[in-house]
Amino acid sequence: MTAETSQTLDRGLRVLKLLADTDHGLTVTELSTKLGVNRTVVYRLLATLEQHALVRRDLGGRARVGLGVLRLGRQVHPLVREAALPALRSLAEDIGATAHLTLVDGSDALAVAVVEPTWTDYHVAYRAGFRHPLDRGAAGRAILASRQGQLEGPGYTLTHGELEAGASGAAAPLIGVTGLEGSVGVVMLADSVPERVGARVLDAAREVADALR
């Protein structure tokens, strides 16, 4: 801590980060241990965060991230999109296919940034805001494979005809971006994805991940 920072705010933010990293919530005692402060301090932090709906406590007393975080999260997509666009533009122009950044939104895959190539005679039309189940399409399947630790071989996922007849997709997950699940991919009108495309998609996913860290 420096003279210019707030210890209380720092602790409150650390509470949110700890809760965001667990699926089952944390007790006051667990938070006290992890933060290295007494239980009274934790109670005060939780009470303040609850007032702003950033934290909720279940009947068993376990604290979890609250729905108020979603209101803050709505402003994240534009920032993520802006950071990803340079890598997506390069990918779309290089491959000659529509490139996209897709993030997890509940049980869906949500396209938050899309770039179409400028030089092709035809390509797949794709809109930001398009959503589909995580278990369909390369974008969602890449995310699930990463989540389940099932990424194999080259580290990207290929699909054909799962979202649009005649279209093939390639996607690679974002790795090492705290608090964000997503993938970078391309979709093209082809029976299969050319070999070089997978490696290029993987490179673009790394570029986007670096921009978001």
If you take all heavy atoms of [X] and [Y], which pair is closest and at what distance?
{"X": "G155", "Y": "L202", "answer": "O-CD1, 3.8 Å"}
{"X": "A83", "Y": "L212", "answer": "CB-CD2, 3.7 Å"}
{"X": "A111", "Y": "Y126", "answer": "CB-CE2, 3.9 Å"}
{"X": "V201", "Y": "V184", "answer": "CG1-O, 3.2 Å"}
{"X": "A209", "Y": "I175", "answer": "CB-O, 3.6 Å"}
{"X": "L85", "Y": "A113", "answer": "CD2-CB, 4.4 Å"}

For the atom pair [atom1] ([X]) and [atom2] ([Y]), what is the distance rounded to the nearest 0.5 Å?
{"X": "K34", "Y": "L18", "atom1": "NZ", "atom2": "CG", "result": "6.5 Å"}
{"X": "T102", "Y": "L174", "atom1": "OG1", "atom2": "CG", "result": "9.5 Å"}
{"X": "E164", "Y": "H132", "atom1": "CD", "atom2": "NE2", "result": "12.0 Å"}
{"X": "L180", "Y": "L103", "atom1": "CG", "atom2": "CG", "result": "5.0 Å"}
{"X": "R14", "Y": "L45", "atom1": "CZ", "atom2": "CG", "result": "10.0 Å"}

Any donor and acceptor pair, going by atom type alone, linking the side chain of [X] with main-chain N or O of [Y] inside 3.5 Å?
{"X": "S6", "Y": "L9", "value": "yes"}
{"X": "T33", "Y": "T29", "value": "yes"}
{"X": "S183", "Y": "P173", "value": "no"}
{"X": "E116", "Y": "A125", "value": "no"}
{"X": "W119", "Y": "E93", "value": "yes"}
{"X": "E82", "Y": "L79", "value": "no"}
{"X": "R136", "Y": "E162", "value": "yes"}
{"X": "R62", "Y": "G25", "value": "yes"}

Would you indicate whether the side-chain heavy atoms of [Y] and [X] approach each other to under 4.5 Å?
{"X": "H123", "Y": "T120", "result": "yes"}
{"X": "M188", "Y": "T98", "result": "no"}
{"X": "L49", "Y": "V15", "result": "yes"}
{"X": "R64", "Y": "D58", "result": "yes"}
{"X": "E207", "Y": "D210", "result": "no"}
{"X": "P117", "Y": "I95", "result": "no"}
{"X": "V65", "Y": "V55", "result": "no"}
{"X": "T8", "Y": "T48", "result": "no"}

Could you state whether [X] and [Y] fall into the same hydrophobic cluster, counting links through intermediate Ile, Leu, Val, Met, Phe, Trp or Tyr residues with side-chain heavy atoms under 4.5 angstrom apart?
{"X": "L163", "Y": "L101", "value": "no"}
{"X": "L134", "Y": "V80", "value": "no"}
{"X": "V114", "Y": "V187", "value": "yes"}
{"X": "I143", "Y": "V193", "value": "no"}
{"X": "L158", "Y": "V124", "value": "no"}

**Message:** For a side chain to side chain contact (heavy atoms under 4.5 Å, CB included) check, start with the C-alpha distance between L110 and V104, then their side-chain angles and the critical distance, and finish with the verdict.
**Reply:** CA-CA 6 Å; L110 174 67; V104 172; over 6 Å; no
**Message:** Using a strict threshold of under 4.0 Å (side-chain N to carboxylate O), is an ion pair present between R147 and E181?
**Reply:** yes
**Asked** Charged N to carboxylate O under 4.0 angstrom, R200 versus D94?
**Response** yes
**Message:** Assess the residue pair T40 and V42 against the criterion (side chain to side chain contact (heavy atoms under 4.5 Å, CB included)); give the C-alpha distance rounded to whole Å, side-chain angles, the decisive distance to 0.1 Å, and a yes or no.
**Reply:** CA-CA 5 Å; T40 300; V42 175; over 6 Å; no
**Prompt:** If you draw a 6.0 Å radius around CD in Q148, do more than 12 non-hydrogen atoms from other residues or ligands fall strictly inside?
**Reply:** yes
**Prompt:** Within a radius of less than 6.0 Å around CZ of R213, do more than 12 heavy atoms belonging to other residues, nucleotides or ligands occur?
**Reply:** yes
**Item:** Which residues share a side-chain contact (heavy atoms from CB on, under 4.5 Å) with A145, sequence neighbours left out
**Value:** L151
**Request:** Output all residues satisfying salt bridge (charged side-chain N to carboxylate O under 4.0 Å, His left out) with R127, sequence neighbours left out; order by chain, then residue number.
**Result:** none
**Asked** Does any pair with a residue in residues 158-206 pass ring-ring contact (aromatic ring centres under 6.0 Å, His included), and if so which ones, sequence neighbours excluded?
**Response** none
**Request:** Decide yes or no on salt bridge (Lys or Arg N to Asp or Glu O under 4.0 Å) for E50 and R57, but give the supporting numbers first.
**Result:** CA-CA 8 Å; E50 279 186 297; R57 278 182 278 185; 2.5 Å; yes
